[in-house]
Amino acid sequence: MTDPNPPYLYPPYGSTPLRAPSRPLVMPSYGPDAIELVSPVFGHEELGLLDNDLTRQHSGDPIGERIIVTGRVLDSGGRPVPNALVEIWQANAAGRYIHLREQHPAPLDPNFTGAGRCLTDADGRYRFVTVKPGAYPWGNHHNAWRPAHIHFSVFGTAFTQRLVTQMYFPGDPLFAYDPIFQSIPDEKARERLVSRFDIDTTVPDWSLAYQWDIVLGATPTEA
Amino acid sequence: MSTPSQTVGPFFGYALPYADGPYVVPEWHPDSIRIRGRVLDGAGEPLPDALVEIWQADADGNVARGGGALRRAGKDFSGFGRCGTDAAGNFWFSTIKPGGPAPYIAVLVFARGLLKPVATRIYFPGEPGNATDPVLSAVPVDRRDTLVAVQEGERSYRFDVHLRGEQETVFFERYFG
Ligand SMILES: [Fe+3]
C-alpha cells in the first residue's frame, strides 16, 4: 500500500521549506520490546466528565450551528481500537481561535474554548458535541483561507500509530485552494479526511451530526 | 488505507499541553533527571510553536500500563510526557533514565509546518550498550551523535532537535505499509 501521508516538504505550504527534514528517514529495526510498539494508555479518571462536550464548558451556550461528531478509531485491519485517547481543538463558529497568536479579526465567543477530549468505547467509538467551526484566513499566500476543520489527535495501540490530523466537512468550496489539504498527494487519501453528514445521529430540534472514522497506520509488526 | 496526517498547526495551545505534561516523574522522585533542549529549523531559528512528546520504559525496563499522565492520581511514573516549546524554542522534561542495556526515550515532534510528526530517540552518553543497540547501529555512523543526549550535570541532559540542515537530527520512518 502506498503511503497516504503528505511529504514533509510541500512548498505551497510556506512553513515547510525551513522545517522539513532533508535527509532520508532511517528505517528503524525495532526489537520486540521497543517502546514504539506500545502506546501510552489513559484512564477515564484522567478526563473530566464534560471534556467531550465543547458546548457546556462555560456558563452559556456558544454561538453557532450545534453538531455531534462521532466515529470510530480503527486499526489497519479494520478492528476497533477501544480506550484510545482522542483530543480535538477548533475555531469557533466565526473562524476564530481563542489563542494569543491568533490575529483574525473575527469575534471571540466567551462561551467557547474549542478544546475537548474523550476515550473511545469498547467498539472504538468517540463522540463530541460542539459547534461547526468557521473557515478562517491565514497568511500563507494572498487571500488564503482554511476550509472549516476540526483538529484531531489520536493515540492507538503503538506509538508508531500516533496521529494528528484534521477533519473537514463535506463539499467545502475551499478544498481546491488549501495547500494543507492538497499536500496529500492521492485524491482518495484526501477524501479520507472529509466527514459525512449523518442524519441518523442528528437530534430533532437540537443538533445536526457528522460522522468520521479514523484508520491508524500498520505497526511494524503488522507490516 | 490509513487516515493521512495533517499539521498540528499553530493553535493547539488550549488543547494539547497540560499542567503535568513535562513531568514523567515528579521532580522529588529520587531518581529524577532533567532533559531540556530546543527545536530548531533549517536556518537554526528556534520553533516557538512545536510540541514535543516522549514515551519510555521505567527504570526496570517495564512499560507503564496504568495511565496517569494526564492526572497522576498517586502514580509516580507515567511513561509519557508532553511539552510545548516556549518563545525561544525550549522544551524540558522531568523523568528518569529508563532501564535496558542501551536506555532510550522515544520522541515525537509536532509543529506548524510539519505535515506529519518527526520521530527520533534520545540515547544516553557513555552507555556501553549503545554500540550494539539495533536501532542506533542502523544509523549512519557520522549521524549517530544526533541521537545521544549531552550530559550537562550529574542529573541533567540536553537534547536539541534540528529539523533540517547541517546538524539535522536522525528521524525514523513511521509508515509501515
Ligand atoms: Fe486550524
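Letters A, B, ... mirror the listed sequences (proteins, then strands); counts begin at 1.
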**Request:** Could you tell me whether the side chain of B/Gln6 and the main chain of A/Gln166 form a donor-acceptor pair under 3.5 Å?
**Result:** no
**Message:** With a 3.5 Å distance limit and no angle check, can you tell me whether B/Lys116 reaches the backbone of A/Pro6 through a side-chain donor-acceptor pair?
**Reply:** yes
**Check: B/Leu114 main-chain N/O paired with A/Tyr13 side-chain donor or acceptor under 3.5 Å** = no
**Message:** Looking at every heavy atom in both A/Pro4 and B/Pro4, which two are closest together, and how far apart are they?
**Reply:** O-CB, 3.5 Å
**Message:** Tell me whether A/Arg192 contacts the main-chain N or O of B/Met1 through its side chain, where contact means a donor paired with an acceptor under 3.5 Å.
**Reply:** yes
**Fill in**
For residues 133-147 of chain B against chain A, heavy atoms under 4.5 Å, the residues are B/Pro134, B/Val135, B/Ala138, B/Val139, B/Pro140, B/Arg143
**Request:** Just do the ring pair (Phe, Tyr, Trp, His ring centres under 6.0 Å) check on B/Phe80 and A/Phe42 with the steps written out, would you?
**Result:** CA-CA 10 Å; B/Phe80 177 72; A/Phe42 302 90; 5.8 Å; yes
**Request:** Side-chain contact test, heavy atoms from C-beta onward, threshold under 4.5 Å: evaluate it for B/Pro117 versus A/Val164 and give yes or no.
**Result:** no
**Request:** Residue by residue, scan residues 81-102 of chain B and write down, ordered by number, those that have a heavy-atom distance under 4.5 Å to chain A; if none do, write 'none'.
**Result:** B/Arg82
**Asked** Hey, are the side chains of B/Thr7 and A/Ile180 touching, using non-hydrogen atoms and a 4.5 Å cut-off?
**Response** yes
**Message:** Need one label for B/Leu40: side chain, backbone, both or neither, based on atoms under 4.5 Å from any heavy atom in chain A.
**Reply:** neither
**Request:** Apply side-chain contact (heavy atoms from CB on, under 4.5 Å) to the pair A/Glu36 and B/Tyr104, showing each step before the final yes or no.
**Result:** CA-CA 11 Å; A/Glu36 287 88 349; B/Tyr104 66 90; 4.0 Å; yes
**Fill in**
What one should report as the nearest heavy-atom pair of B/Trp55 and A/Pro40 is CZ2-N, 3.4 Å
**Request:** Tabulate, in ascending numerical order, the residues of residues 19-38 of chain B having at least one heavy atom closer than 4.5 Å to a heavy atom of chain A, or enter 'none'.
**Result:** none
**Request:** Using a strict cut-off of less than 4.0 Å between a Lys/Arg side-chain nitrogen and an Asp/Glu carboxylate oxygen, indicate whether A/Glu45 and B/Arg71 qualify as a salt bridge.
**Result:** no
**Prompt:** For B/Gly113, does its backbone N or O pair with a side-chain atom of A/Tyr8 as donor and acceptor, under 3.5 Å?
**Reply:** no
**Prompt:** Got B/Thr3 and A/Trp212 here, is their nearest side-chain heavy-atom distance under 4.5 Å?
**Reply:** yes
**Asked** Among B/Ile105, B/Leu47, B/Val118, who wins on heavy-atom pairs under 4.5 Å with chain A?
**Response** B/Leu47
**Request:** Report, by ascending residue number, the residues of residues 163-174 of chain B in heavy-atom contact with chain A at a distance under 4.5 Å; give 'none' if the set is empty.
**Result:** B/Leu163, B/Arg164, B/Gly165, B/Glu166, B/Glu168, B/Val170, B/Phe171, B/Phe172, B/Glu173, B/Arg174
**Between A/Trp138, A/Phe152, A/Tyr10, A/Tyr168, the one whose heavy-atom pairs under 4.5 Å with chain B are most numerous** = A/Tyr168
**Request:** Sort out for me which of A/Gly43, A/Pro17, A/Gly14, A/Gly116 touches chain B most, counting heavy-atom pairs under 4.5 Å.
**Result:** A/Pro17
**Prompt:** Mind checking whether A/Trp89 and B/Phe12 have parallel, tilted or perpendicular rings, split at 30° and 60°?
**Reply:** perpendicular
**Asked** A/Gln90, A/His151, A/Arg146: which one forms the most heavy-atom pairs within less than 4.5 Å of chain B?
**Response** A/His151
**Prompt:** What's the shortest heavy-atom distance between B/Pro48 and A/Arg19, and which atoms?
**Reply:** CD-NH2, 4.1 Å
